[in-house]
Protein chains: 2
Amino acid sequence: MNIGEIARRAGVSRSTVSYALSGKRAVSEETRRRIQAVIDELGYRPNAAARALKEGRTRTLGLVIPPASLRLTDMQLGFVASVVEAAARVDLDVLLSPSGGDHDRSFERMISGRRVDGVILMEIRLEDERVDRLQQTGLPFVTIGHTANPHGTCWVDVDYATLISRCVHHLADLGHRQVALVNRSAELVASGYGPAQRALSGFTEATDQRGITGVHLCCADEASAGQSCMERLRDEHPAVTGIVTINEAALPGIHRALEQARVVVPRDLSITGVVARHWAEDFRPPLTAADVPMEMGTQAVELLLERISTPDAPPRHLLFTPPISLRATTGPAPVR
Amino acid sequence: MNIGEIARRAGVSRSTVSYALSGKRAVSEETRRRIQAVIDELGYRPNAAARALKEGRTRTLGLVIPPASLRLTDMQLGFVASVVEAAARVDLDVLLSPSGGDHDRSFERMISGRRVDGVILMEIRLEDERVDRLQQTGLPFVTIGHTANPHGTCWVDVDYATLISRCVHHLADLGHRQVALVNRSAELVASGYGPAQRALSGFTEATDQRGITGVHLCCADEASAGQSCMERLRDEHPAVTGIVTINEAALPGIHRALEQARVVVPRDLSITGVVARHWAEDFRPPLTAADVPMEMGTQAVELLLERISTPDAPPRHLLFTPPISLRATTGPAPVR
DNA sequence: TTGTAAGCGTTATCAA
DNA sequence: TTGATAACGCTTACAA
């Protein structure tokens, strides 16, 4: 089933069918209708490969996700979903590449095989060779998160430094004098993962500024890790009365540890941070937190489309600083 | 950067470059090396569209996921991850289509635009028009889950009926006389979603067989729904001492409700069911449950590859019946 | 208003 | 062992 077959049945040339479909040339109403009838009958649709070959574009966006072996966090999953949805809205397909930091066959296939018109990269590190590779090739791309050298590239990100800083200030305003940051995993921090790094710097800055004590803890993205992390914290730093976190996956474990220790939130301990709304609302009591906006995926797609249509425009950045939603996990520091 | 450019620089014809790459024709070691050097230098890779056009295959698998608006469950996410990973292992890319039940542009593009060599369909219903559509076109496909008429199609699934039945028998063996099934949402059940339907039939069959009382409850895929569902259950059916569920997202809410009601598991109430291992292990105490095998995505890819290479072979099915892992949430029925 | 034909980058057949 | 060439299905410049 190809355009020639449609043309034959409609008694016109192939170009007429093509023009009838694209509307790039006037086609008499009569023939247009005849062609459409044949197309509807046979359910014809142009072969994507032929079209891509001729047009030099694939109508496909590439999305580079963390390797499947690592369980994706809810936040990452939310990005994937919103990217796919935003792309579908403008009739673009999404090709997935599960690629970690090192060279990866699927990643290379995607970019040097010209399988996509542009790439969205998620979970990037401060130094990320995939970004370098993409810059070499000249393929338009947008990152979710940004590298250490962010000016030349196009990205969307959450302003973790500012948000975590605000969380600390919020706790300080409530009288807390010793607070802890429950960060992502030690490996992630060590590998230079942006959000973890910036959360830490915002935390340090704010605690310094307010002259309060800050404890930094790394914690794997799992409930059980959250639990042991919290147990260790209460053991080693019993004077901490406020927790700030960007590790949503640890929340259920944090909750469990507090419950078992009969700690009442927020009477005995305040908790806040930056997490997906879903996690904040599922916490008991509901978590006061800055809700990571899921539209970031949508924004990334928009930025990428801009970049594809005008590759020479200066790269744009979008830094989200969502408000902290006051729910129910922060309160005055307990009096001793 | 195309094959002609490589040929020119290596001083050979385009066909020689093609053969050097594919190995389908003998090429002298000398020229092969020269060609390879040029390729390595320029980072050449065949244009995917041109190759697809010529070969008639895209080296891409389509994966149809539920529309992004609905939050994917962890189980669904696990499938996506394992499909993508399995495909990457055999150098195939994965194109995503977020499509619900009705006709969907991205779905149609994928199948009638010949964008993929085969399709994996997830979250299918007992009557599913996407399956009909796929059968019309003759494009190879595999479903995760199966339709009411499963013989003509290729699928992998979990044997919910048997597993839920086993859970009920397990509870009955422990002396429970009134048990409840916490199913997926009412809409899902009403729309003929297979797992929900089969869980119910397995439940009914087993309760009938053991002569015990079964209560059926629908519950949305959310913690809060799980909580209210459990509160309602304890209110309306206080004599129920055993819970069986396939709704993993409801587990945190179930846990919360029990905790607030000071119900001790498994002393006062036993819980079991079919959920992803991760959820079972995160429950407190760890949940006795049949763990949904995440390799299902891998198996789906394998089945699909078979189907692509030998489309006329009789369709194969894989029905998983994983063992129930005894953890800590089931015990003898409480004595009155 | 419509048709003819070139060409996108490959692979594979046929010749040498 | 290698090269010339047709063909895959489409879009579009050029002709009519």
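Per chain, numbering begins at 1; letters A, B, ... match sequence-line order.
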Atom [atom1] of [X] and atom [atom2] of [N]: how far apart are they, to the nearest Å?
| X | N | atom1 | atom2 | value |
| --- | --- | --- | --- | --- |
| A:R14 | D:dA13 | CZ | P | 16 Å |
| A:I3 | D:dA7 | CD1 | C1' | 17 Å |
| B:I35 | D:dG3 | CD1 | C1' | 12 Å |
| A:L21 | D:dG9 | CG | C1' | 13 Å |
| A:K24 | D:dT11 | NZ | C1' | 7 Å |
| B:Y19 | D:dA4 | OH | C1' | 12 Å |

Check your understanding: From the 5' end of DNA chain C to its 3' end, which nucleotides mark the outer limits of contact with chain A, defined by a 4.0 Å heavy-atom distance cut-off (strictly under)?
Key -> C:dT1 to C:dG9
**Study point:** Residue B:Q135 excluded, over 12 heavy atoms near CD under 6.0 Å
**Key:** yes
Check your understanding: Within a reach of under 6.0 Å around CD of B:E127, are more than 12 heavy atoms found that belong to other residues, nucleotides or ligands?
Key -> no
Study note, to complete from the structure: Judged by nearest nucleotide, the residue sitting upstream toward the 5' end of DNA chain D, A:R25 or A:M1, is A:M1
Point to revise | Closest to side chain of B:K54, choosing from D:dC8, D:dG9, D:dT2 | key: D:dC8
Exercise for review: Could you check if a side-chain atom of A:T137 sits within less than 4.5 angstrom of a side-chain atom of A:I111, using non-hydrogen atoms only?
Suggested key: yes
Exercise for review: Name the nucleic acid region contacted by B:S28, choosing base, sugar-phosphate or nothing; use a 4.0 angstrom heavy-atom cut-off, strictly under.
Suggested key: sugar-phosphate
Check your understanding: Under 4.0 angstrom, heavy atoms only, what part of the nucleic acid is A:S22 near: base, sugar-phosphate, or nothing?
Key -> nothing
Practice item. Look at A:R8 together with A:E5 and state whether they make a salt bridge at an N to O cut-off of under 4.0 Å. Key: yes
Exercise for review: Specify whether A:W155 and A:H317 have parallel, tilted or perpendicular ring planes, treating 30° as the upper limit for parallel and 60° as the lower limit for perpendicular.
Suggested key: parallel
Study note, to complete from the structure: Result for side chain to side chain contact (heavy atoms under 4.5 Å, CB included) between A:H146 and one of A:T153, A:V131, A:D157 points to A:D157
Review point. Looking at A:V38, A:I35, A:L21, which hits side chain to side chain contact (heavy atoms under 4.5 Å, CB included) with A:Y44?
Key: A:L21
Check your understanding: Can you tell me if the side-chain N/O atoms of A:N2 get under 4.0 Å from OP1 or OP2 in D:dG9?
Key -> yes
